[in-house]
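Report on the structure given below.
For this chain, numbers begin at 1 and follow the sequence in order.
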Amino acid sequence: MTSDLILSSKLAIWAAPKGIGQYVRQHFLDKTFQGLYHANAFDVALLIPYFIVLILLAAYGMHRYVLVYLYYKHQKNRTTDPAAYFEELPKVTVQLPIFNEQYVVERLLESICKLQYPREKLDIQVLDDSTDETVEVARGLVERYAALGNPITYHHRTNREGFKAGALAEGMKTAKGEFIAIFDADFTPPEDFLMKTIHHFTDPKIGMVQTRWTHINRNYSFLTEVEAILLDGHFVLEHSGRARSGVFFNFNGTAGVWRRAAIEEAGGWQHDTLTEDTDLSYRAQLKGWKFIYLQDVECPAELPVEMTAFKTQQARWAKGLIQTGKKILPRVLRSDAPLHTKIEAWYHLTANLSYPLMIVLSTLLLPAMIIRFYQGWFQMLYIDLPLFMASTFSISSFYLVSQRELFPRSWPRALLYLPFLMALGIGLTITNTIAVIEALIGKQSAFARTPKYRVESKGDRVGVTKYRKRLGWVPWLEMIIGTYFALAVYYAIDNENYITVPFLLLFVIGYWYTGLMSLLQGRFARIRTGSEAHSKPFPVGV
């Protein structure tokens, strides 16, 4: 009976429509060239690193499935309401670190001064390291809101020592609160933010409470839509999965509240990494402090609207996490933390090593594809394809789950963005690889801020270019690499290697999209349809 089934299946293939039948016969049943290929030293030397890279990337890809598993397995541990409530509210210092943020500082202070909290229990610090007109704009705003009875003070530094970490540490010297809430310039916390977070500190073991970022300008452009999905994956599945399962997770630098004692016991703010928030988070948790993540408490923020701004942000995070990994992982591995906590910390802090691995894969992919083609299709199907699926399909499923959790009715819409989301991740490879290598070799760099312009709706445009970074040579390199993969697509089609084409197209689209958008940004600006007020400095003293 088995032989009959085999014979029937072969006959079905041979009788299939001409295009499909010919393709299957040629690549799966035709044995004409079987045994003609013989491995040589060059092929082996190329394929060994190729498979090592694929296996490592697949391991990081599989870890995304682990996070999804942790998210659902520990769903009952989701933190919502506090265990108790303060009879008398404690004093809270709100720190607002800013640097050259003249377009968004007004929106920030307006939202902060609307916080529902007793004025006598509130201490607001504007920590300004600016070197441009933001100094006068921010000082004027602080004077205005202070005159209206808000407990707000202005602090300006001229040396910018330690960057954001240095500003926060300097503010701690005069902070009056037992708890410290921190917001970056592009955030607009809701009025009830402090009331939803502060009562969780009735548990004396809690050192930090983090809330979920949401996105003011999510629907502004295709780029912001994709950025939002990327961040949703982090704030829904990564943070929740880690928090619910009791392993270490990090403060995100903003939209959270710290117990002052936890900061001080952990050694305070340190500026030897670009992710001072993650650094302090791990040091505090190693000291025994517990963190809470409130997925249901939202804090809106503005997404970068320009490709170079987005790449700058991602490169800073990539470099900072590797720096933190070099600094903190040895302590974590030597600690008495559970093994699963150590493993999760390793994946968390080393995940950006995947970018240099992608560079290696990009280099080896075409020659490896040629060699694998001559070795036979079954090896490609049963070895290469599963590894590719583990490292790429996990990304799409990971972000789809996050969208399903946030938008139960409209999440299928995210399917339209998934190919471009994966392509954008590939397109970030060059800038993030440079950042990772700098971190590995110990090269220090300044804290590169992400410029924000108060662009919120589709009618807005970036009216100025003063905060725009120079393009440099990277976009041109991205375009060249994209062209290399376009040639690889042509080769694959010409040799009827159709299975590899979708993967290769991700590389083409990713490199061309990031490169072209970086080159074209600012050359074709939208016409502003609304008021120009958002792009003008706030009048001093008004």
| Should we count CD of Glu161 as having more than 12 external heavy atoms under 6.0 Å? | no
| Heavy-atom side-chain proximity of Phe179 to Arg260 below 4.5 angstrom | no
| Does the ring center of Phe222 lie less than 6.0 Å from the ring center of Phe420? | yes
| message | Against Phe291, only a single residue in Tyr282, Trp258, Phe251 fulfils ring-ring contact (aromatic ring centres under 6.0 Å, His included); can you say which? | response | Trp258
| message | Quick one, Phe248 and Ser281 - any side-chain contact, counting heavy atoms below 4.5 Å? | response | no
| field | Minimum heavy-atom distance between Leu294 and Ile292, given as atom pair plus value | value | CD2-CG2, 3.7 Å
| message | Could you check whether any side-chain heavy atom of Gln285 comes within less than 4.5 Å of a side-chain heavy atom of Thr341, counting everything from C-beta outward? | response | no
| request: State whether the side chain of Arg78 and the backbone N or O of Gln295 hold a donor-acceptor pair below 3.5 Å, judged by distance alone. | output: no
| field | Residue that, paired with Phe99, satisfies side chain to side chain contact (heavy atoms under 4.5 Å, CB included) out of Leu127, Asp128, Thr131 | value | Thr131
| message | Tell me the closest heavy-atom pair linking Pro300 and Ile216, and the distance in Å. | response | CB-CG1, 3.8 Å
| field | Test log, rule side-chain contact (heavy atoms from CB on, under 4.5 Å), inputs Leu230 and Phe310 | value | CA-CA 12 Å; Leu230 284 169; Phe310 175 62; 3.9 Å; yes
| request: Rounded to the nearest 0.5 Å, what's the gap from CD on Glu178 to CZ on Phe201? Could you check? | output: 9.5 Å
| query | Is there a donor-acceptor contact under 3.5 Å linking the side chains of Glu478 and Ser518? | reply | no
| query | Say you draw a straight line from CE of Met358 to CG of Leu361; how long is it, rounded to the nearest 0.5 Å? | reply | 5.5 Å
| More than 12 heavy atoms of other residues, nucleotides or ligands under 6.0 Å from CZ of Phe407: is that the case? | yes
| message | Rounded to the nearest 0.5 Å, what separates atom CE in Met172 from atom CD1 in Ile263? | response | 4.5 Å
| request: Report yes if some heavy atom in the side chain of Ser397 is under 4.5 Å from a heavy atom in the side chain of Tyr65; otherwise report no. | output: yes
| said: To the nearest 0.5 Å, what is the distance between CG on Leu418 and CG on Leu400? | reply: 4.0 Å
| Over 12 non-hydrogen atoms of neighbours within 6.0 angstrom of CH2 in Trp411 | yes
| Does Lys342 use its side chain to pair, donor to acceptor, with the backbone of Ser335 at less than 3.5 Å? | yes
| message | Donor-acceptor pair, distance only, cut-off 3.5 Å: does the side chain of Arg316 make one with the backbone of Leu274? | response | no
| task | Could you tell me whether His271 and Phe163 have their ring centroids closer than 6.0 angstrom? | result | no
| field | Residue pair His234, Asn252: steps toward the side-chain contact (heavy atoms from CB on, under 4.5 Å) verdict | value | CA-CA 11 Å; His234 173 70; Asn252 290 106; 3.2 Å; yes
| message | Under a 3.5 Å threshold, yes or no: a donor from one side chain and an acceptor from the other, between Asn432 and Gln314? | response | no
| request: For Lys327 and Thr273, test the side chains for any donor-to-acceptor distance below 3.5 angstrom and give the result as yes or no. | output: no
| query | Is there a donor in the side chain of Ser445 and an acceptor in the side chain of Lys319, or the other way round, less than 3.5 Å apart? | reply | yes
| note | Closest non-hydrogen atoms of Val501 and Ala492, given as atom of the first, atom of the second and distance, are CG2-CB, 4.0 Å
| Check: Asn219 and Glu225 side chains under 4.5 Å, non-hydrogen atoms | yes
| field | Expected output: side-chain Arg244 to main-chain Tyr71 donor-acceptor under 3.5 Å | value | yes
| Would you call Arg157 and Glu170 a salt bridge, taking side-chain N to carboxylate O under 4.0 Å as the test? | no
| message | Can you confirm whether Ile481 sits close enough to Thr429 that some side-chain heavy atom of one is under 4.5 Å from a side-chain heavy atom of the other? | response | no
| query | Would you say the side-chain atoms of Lys287 pair up with the backbone N or O of Ala262, donor to acceptor, closer than 3.5 Å? | reply | no
| request: Return yes if a side-chain donor-acceptor contact under 3.5 Å exists between Glu405 and Tyr72, otherwise no. | output: yes
| Heavy-atom donor-acceptor pair, His156 side chain to Ser130 backbone, under 3.5 Å | yes
| Are the side chain of Glu276 and the backbone N or O of Ala165 linked by a donor-acceptor pair below 3.5 Å? | no
| message | Walk me through whether Leu67 and Glu344 qualify under side-chain contact (heavy atoms from CB on, under 4.5 Å). | response | CA-CA 9 Å; Leu67 290 172; Glu344 184 56 42; 3.7 Å; yes
| said: Can you tell me how far apart CE (Met307) and CG (Leu424) are? Round to the nearest 0.5 Å. | reply: 5.5 Å
| request: Give a yes or no on whether a salt bridge exists between Arg212 and Glu298, defined as a side-chain N under 4.0 angstrom from a carboxylate O. | output: yes
| task | Determine yes or no for a side-chain-to-main-chain donor-acceptor pair under 3.5 angstrom, with Gln210 supplying the side chain and Thr254 the backbone. | result | yes
| Does the pair Thr350 and Tyr60 meet the rule for a side chain to side chain donor-acceptor pair (under 3.5 Å), with working shown? | CA-CA 9 Å; Thr350 66; Tyr60 281 109; 2.8 Å; yes
| query | With no hydrogens and no angle check, is any side-chain donor or acceptor of Thr275 less than 3.5 Å from a backbone partner on Trp317? | reply | no
| Are any non-hydrogen side-chain atoms of Asp232 and Leu237 less than 4.5 angstrom apart? | no
| task | Please tell me if the side chains of Lys452 and Pro304 come closer than 4.5 Å, counting only heavy atoms from C-beta onward. | result | yes
| request: Identify the heavy atoms of Tyr293 and Ser240 that sit nearest to each other, and give their distance. | output: CE2-OG, 3.3 Å
| field | Asp279 vs Asp272, side-chain contact (heavy atoms from CB on, under 4.5 Å): CA-CA, chis, key distance, verdict | value | CA-CA 9 Å; Asp279 173 27; Asp272 52 349; 3.8 Å; yes
| query | Taking atom types as modelled and ignoring hydrogens, do the side chains of Thr324 and Thr278 form a donor-acceptor contact shorter than 3.5 angstrom? | reply | no
| query | So, Thr431 and Tyr355: side-chain donor and acceptor under 3.5 Å apart, yes or no? | reply | no
| query | Could you give the distance from CD1 (Ile229) to CZ (Phe398), rounded to the nearest 0.5 Å? | reply | 12.5 Å
| query | In terms of side-chain heavy atoms, does Thr134 have a donor or acceptor partner in Asp132 at a distance below 3.5 Å? | reply | yes
| field | Carboxylate-amine/guanidinium contact Lys164 Asp184, below 4.0 Å | value | yes
| request: Report yes if the distance between the aromatic ring centroids of Phe183 and Phe193 is under 6.0 Å, otherwise no. | output: yes
| task | Would you confirm whether Thr224, through its side chain, and Asn217, through its main-chain N or O, come within 3.5 Å as a donor-acceptor pair? | result | yes
| query | Looking at Val455 and Glu302, what are the two nearest heavy atoms and their distance? | reply | N-OE2, 3.3 Å
| Atom of Ala185, atom of Ile98 and distance for their closest heavy-atom approach | CB-CG2, 3.8 Å
